Visitor: 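After the structure tokens below, expect a handful of questions from me.
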Amino acid sequence: MVRKLILALAVFLPALVYQQLQPPPPKICGSPGGPPVTGTRTQLKDGRHLAYLESGVPKDQAKYKIIFVHGFDSCRYDALPISPELAQELGIYQLSFDRPGYAESDPNPASTEKSIALDVEELADNLQLGPKFYLMGFSMGGEIMWSCLKHISHRLAGVAILGPVGNYWWSGLPSNVSWHAWNQQLPQDKWAVWVSHHLPWLTYWWNSQKLFPASSVIAYNPALLSEEDKLIMPKFAFRTYMPQIRQQGECSCLHRDMTVGFGKWSWSPLELEDPFAGGEGKVHLWHGAEDLIVPVSLSRYLSEKLPWVVYHELPKSGHMFPLADGMADTIVKSLLLGDQPPQA
């Protein structure tokens, strides 16, 4: 009897543990039982759909065409808030899209740091943006800018990298630099990021269990907000479309972001060469010195080692600086016209 019980437990317990570790299947938009498709979408070569949003002047009248890549727990509606006046004055067309698994874009279970760059290129081709376009990315979308510079630099006219997430395991980062940045995080975020890198198969369970605190970013912990961010956050935290962002399942968007962004890359941004050596464009890197969500120290180091990057550090700003009044226009004018922002 005891032997049979031990045998039963040996079979049952691993099966139970395996079941607990497996995320639920995504609720694909437009599929039976899934959320409805309400936005405009384009189909990629592999059959996946990307939902997108166009703003600014009409595409066929635009002098400047910009693709914006949103950050963590966001979607196409979180495009850079360029003023209508500036868009009309300069002739700016902005294209934002839901990254795979977010809102109404199909998940990509095989996503990598390279695949999102290729998605951006295919999106530009589907919407006929022409041979070159400008690119901007914020937070996790900022990290994606490095991948685009690596894989599709020939398509880019200029790039703005805004408060980018960094990977603490990028090759070439000195241990003192990565450790300094690492230790700026809250303890639960250190664990969440560590799991995403070393045990990606555990990421879903880690961020859904209730035994101890998981990612404070996912939980919107106010301890992550700088003084300036506390004033700006209401613009971001109370978005009417927030339920749509995670509607296909957190594993397909948030957790996938973490396992790719903090995963094991085969290359490092420190290995990149100037994509605009001929002077036909610029890479601008912006970061708030008071950023409590994404440590500024990695951006500082990258800008020191990559002299072709134009670095803008905002001494009183936190992570949400692109939403500060007038900041979007400042960023865009710097990218398109080379205007220097006013000194703080």
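Note: hydrogens, waters and symmetry copies are ignored here, and every other heavy atom, side chains too, is used. No experiment lies behind these values; they were computed from the predicted model shown.
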Visitor: Any ion pair linking K316 and E290 (charged N to carboxylate O, less than 4.0 Å)?
Guide: no

Visitor: Are the side chains of I293 and D189 in contact, using a 4.5 Å heavy-atom criterion?
Guide: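 D189 does not reach I293 side chain to side chain.
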
Visitor: Looking at D325 and K235, is there a salt bridge between them, counting it only when a charged N and a carboxylate O are closer than 4.0 Å?
Guide: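 So K235 pairs with D325 through a salt bridge.
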
Visitor: Measuring centre to centre across the rings, with the benzene-like ring taken for any Trp, is W182 within less than 6.0 Å of W169?
Guide: yes

Visitor: Any chance CH2 of W191 has more than 12 other-residue heavy atoms, nucleotides or ligands included, within less than 6.0 Å?
Guide: no

Visitor: In the structure I gave you, are the side-chain heavy atoms of W308 and F276 within less than 4.5 Å of one another anywhere?
Guide: no

Visitor: Using side-chain heavy atoms (C-beta onward) and a distance below 4.5 Å, is V159 in contact with M136?
Guide: no

Visitor: Angle class for the Y77/Y241 ring planes (parallel below 30°, perpendicular above 60°, tilted otherwise)?
Guide: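 Ring orientation of Y77 relative to Y241: tilted.
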
Visitor: If you apply the rule ring pair (Phe, Tyr, Trp, His ring centres under 6.0 Å), what do you find for Y102 with H70, and how did you get there?
Guide: CA-CA 10 Å; Y102 280 102; H70 68 74; 5.1 Å; yes

Visitor: Using modelled atom types only, decide if a donor and an acceptor are shared between the side chain of S31 and the backbone of K27 within a distance under 3.5 Å.
Guide: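 No; judged by distance alone, with no hydrogens or angles, the pair does not exist.
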
Visitor: Are F212 and W206 an aromatic pair, judged by ring center distance below 6.0 Å?
Guide: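 Judged by ring-centre distance (under 6.0 Å), W206 and F212 do meet the cut-off.
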
Visitor: Going by heavy atoms in the side chains, are L254 and M258 under 4.5 Å from each other?
Guide: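 The answer is no; the side chains never approach within 4.5 Å.
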
Visitor: In sequence, state the C-alpha distance, the side-chain angles, and the governing distance for I245 and D98, and then conclude on side-chain contact (heavy atoms from CB on, under 4.5 Å).
Guide: CA-CA 9 Å; I245 293 174; D98 296 334; over 6 Å; no

Visitor: Please report the C-alpha distance between S215 and N207 in whole Å, then the side-chain angles of each, then the deciding distance to 0.1 Å, and finally whether the side-chain hydrogen bond (donor to acceptor under 3.5 Å, both in side chains) criterion is met.
Guide: CA-CA 6 Å; S215 168; N207 288 287; 4.7 Å; no

Visitor: Salt bridge between D125 and R155, side-chain N to carboxylate O under 4.0 Å?
Guide: yes

Visitor: Is a donor on one side and an acceptor on the other found under 3.5 Å between the side chain of D106 and the backbone of L50?
Guide: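 Pair absent, no side-chain N/O of D106 close to backbone of L50.
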
Visitor: Is there a donor-acceptor pair closer than 3.5 Å between any side-chain N or O of K59 and the backbone N or O of L127?
Guide: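 Between the backbone of L127 and the side chain of K59 there is a qualifying donor-acceptor contact (under 3.5 Å).
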
Visitor: Keeping the roles fixed (side chain from N126, backbone from T42), state whether a donor-acceptor pair exists under 3.5 Å.
Guide: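 Such a contact is absent between N126 side chain and T42 backbone.
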
Visitor: Does F138 have its ring centroid less than 6.0 Å away from the ring centroid of H319?
Guide: yes

Visitor: Does L314 reach the side chain of M327, with side-chain heavy atoms less than 4.5 Å apart?
Guide: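 Heavy-atom side-chain distance check passes, below 4.5 Å.
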
Visitor: Would you indicate whether K282, at its atom NZ, is surrounded by more than 12 heavy atoms from other residues, nucleotides or ligands within a distance under 6.0 Å?
Guide: no

Visitor: Only one of K114, E113, E121 clears side chain to side chain donor-acceptor pair (under 3.5 Å) with H151; which?
Guide: E113

Visitor: Just by distance, do the side chain of Q184 and the backbone of P295 share a donor-acceptor pair under 3.5 Å?
Guide: no

Visitor: Give a yes or no on whether the backbone of F72 and the side-chain of D257 come within a donor-acceptor separation of less than 3.5 Å.
Guide: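 Checking the backbone N and O of F72 against the side chain of D257, no donor-acceptor pair under 3.5 Å is found.
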
Visitor: Spell out, as yes or no, whether a donor-acceptor pair under 3.5 Å connects the side chain of Q43 to the backbone of H49.
Guide: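 Answer holds: no.
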
Visitor: For S299, give me all partners under side chain to side chain contact (heavy atoms under 4.5 Å, CB included), at least two apart in sequence or on another chain.
Guide: P164, L285, H287, Y311

Visitor: Check this for me: does any side-chain nitrogen of one of D119 and R99 sit under 4.0 Å from a carboxylate oxygen of the other?
Guide: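 Looking at D119 and R99, the cut-off is not met.
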
Visitor: Does the plane of the ring in H198 sit parallel, tilted or perpendicular to the ring in W194? Use 30° and 60° as the thresholds.
Guide: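 Tilted, since the angle between the ring planes falls between 30° and 60°.
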
Visitor: Between the main-chain N or O of V294 and the side-chain N or O of D291, is there a donor-acceptor pair closer than 3.5 Å?
Guide: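 Yes; at least one donor-acceptor contact below 3.5 Å.
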
Visitor: Donor-acceptor check, side chain of R256 to backbone of G101, threshold 3.5 angstrom: yes or no?
Guide: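 Side chain of R256 to backbone of G101: no pair is present.
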
